[in-house]
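As structure tokens, the structure follows; a few thoughts come after it.
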Protein chains: 2
Amino acid sequence: MDIFSALADPKRRQLIEALWLHGPLSIKQLSEGAGISRQAITKHLDILIKAKIVSAEFAGKERLHRLNPKPIERVALWLQPFAEQWDERLSRLKHYLGEDHE
Amino acid sequence: MDIFSALADPKRRQLIEALWLHGPLSIKQLSEGAGISRQAITKHLDILIKAKIVSAEFAGKERLHRLNPKPIERVALWLQPFAEQWDERLSRLKHYLGEDHE
DNA sequence: TTGACATGCAACCATATGGTTGCATATTGT
DNA sequence: ACAATATGCAACCATATGGTTGCATGTCAA
């Protein structure tokens, strides 16, 4: 499962948002009010973990999950050449770069 | 089919890259050397069109396709809060700017 | 008009995907 | 030790997905 596919499912994006908003969370916590079963959430989390978007560590009987921004970064970098307002963004950054690096 | 799912397939990302590199292209042209049938390419293009990532217009018997950056931009915007490492991004931009704009 | 070419349409197929349910296992507090 | 809690594992199911093939349609050039 690659990163793009991992991001394709709305439930998984929802999980990403939840982890971004409310620190490290367990499977149970992420399941509450998600509208699908705990096992389904586990599957989604496993996919996110395989895609390295989420990392998990055990704390007793809980599995705590947190975001790993790197792979998302890579997706963003792939998108950039195709995204519009690229020029506008470039010119904005051009100013910054001009100050800092040129 | 939403934008994220449209971007999930590697063949479709390949099509996006091809359209970005070599202007408006027909189905035939996009099929050459793609490794799958013309009909499969058509299906992928239809998905990209439904996601508004690609627009198509007829020129005689050919259907010409071009990129529409807006939806890709929206995806990029969704990703931004989760993607950190702006510094790395900046250094890439510096390179880009150095080549094309400075 | 006729033939070549680009595309459209539809049926079909194998596998992936997203979900469920049922039961097993491990950890914690009393 | 025991019960409650959090998770793991596996079978199962319906539908989506990505591909194929075969044939029909529309357009252009000779």
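All chains are named by letter (A, B, ...) in the order of the sequence lines, taking the proteins before the strands, and each is independently numbered beginning at 1. None of the values given here were measured: they were computed from a predicted structure.
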With sequence neighbours left out, what residues match S31(A) under side chain to side chain donor-acceptor pair (under 3.5 Å)?
none
Holding to side chain to side chain donor-acceptor pair (under 3.5 Å), I want the full list of residues that pass it with E32(B), two or more places apart in sequence or in another chain.
none
Is there a side-chain contact between I47(A) and I53(A), using heavy atoms and a 4.5 Å cut-off?
no
Gap between atoms [atom1] and [atom2], on [X] and [N] respectively (whole Å):
X: L25(A); N: dA6(D); atom1: CG; atom2: C1'; result: 14 Å
X: K50(A); N: dA16(C); atom1: NZ; atom2: C1'; result: 13 Å
X: D2(B); N: dT17(C); atom1: CG; atom2: P; result: 15 Å
X: I41(A); N: dA6(D); atom1: CD1; atom2: C1'; result: 15 Å
X: D46(B); N: dG18(D); atom1: CG; atom2: P; result: 13 Å
X: F4(B); N: dA16(D); atom1: CZ; atom2: C1'; result: 20 Å
X: L45(A); N: dT17(C); atom1: CG; atom2: P; result: 17 Å
X: F58(B); N: dC28(D); atom1: CZ; atom2: P; result: 11 Å

Would you tell me whether W78(B) and E73(B) have side-chain atoms, one donor and one acceptor, within less than 3.5 Å of each other?
no
Please encode protein proximity along nucleotides 20-27 of chain D as a string of B, S and -, counting only heavy-atom distances under 4.0 Å.
BBB----B
Nearest to the side chain of R12(A), which nucleotide is it out of dG18(C), dG19(D), dT7(D)?
dG18(C)
Between dT7(D), dG18(D), dG18(C), which nucleotide gets closest to the side-chain atoms of I27(A)?
dT7(D)
Under a 4.0 Å threshold between the charged nitrogen and the carboxylate oxygen, would R74(B) count as salt-bridged to D2(B)?
no
If you measure from the Lys or Arg side-chain nitrogens to the Asp or Glu carboxylate oxygens, is any gap between R63(A) and E57(A) under 4.0 Å?
no
Describe, as an angle rounded to 10 degrees, how the axis at the first end of the helix from dT1(C)-dA30(D) to dT30(C)-dA1(D) is tilted relative to the axis at the last end, five pairs per end.
30°
Can you work out whether H44(A) or E62(B) has the more 5'-proximal nearest nucleotide on DNA chain C?
E62(B)
For Q39(A), which residues count as a side chain to side chain contact (heavy atoms under 4.5 Å, CB included) partner, sequence neighbours excluded?
S37(A)
Among the clusters formed by ILVMFWY side chains lying less than 4.5 Å apart, do F58(A) and I27(A) turn up in the same one?
no
Just jot down the salt bridge (Lys or Arg N to Asp or Glu O under 4.0 Å) partners of R38(A), sequence neighbours excluded, or say none.
none
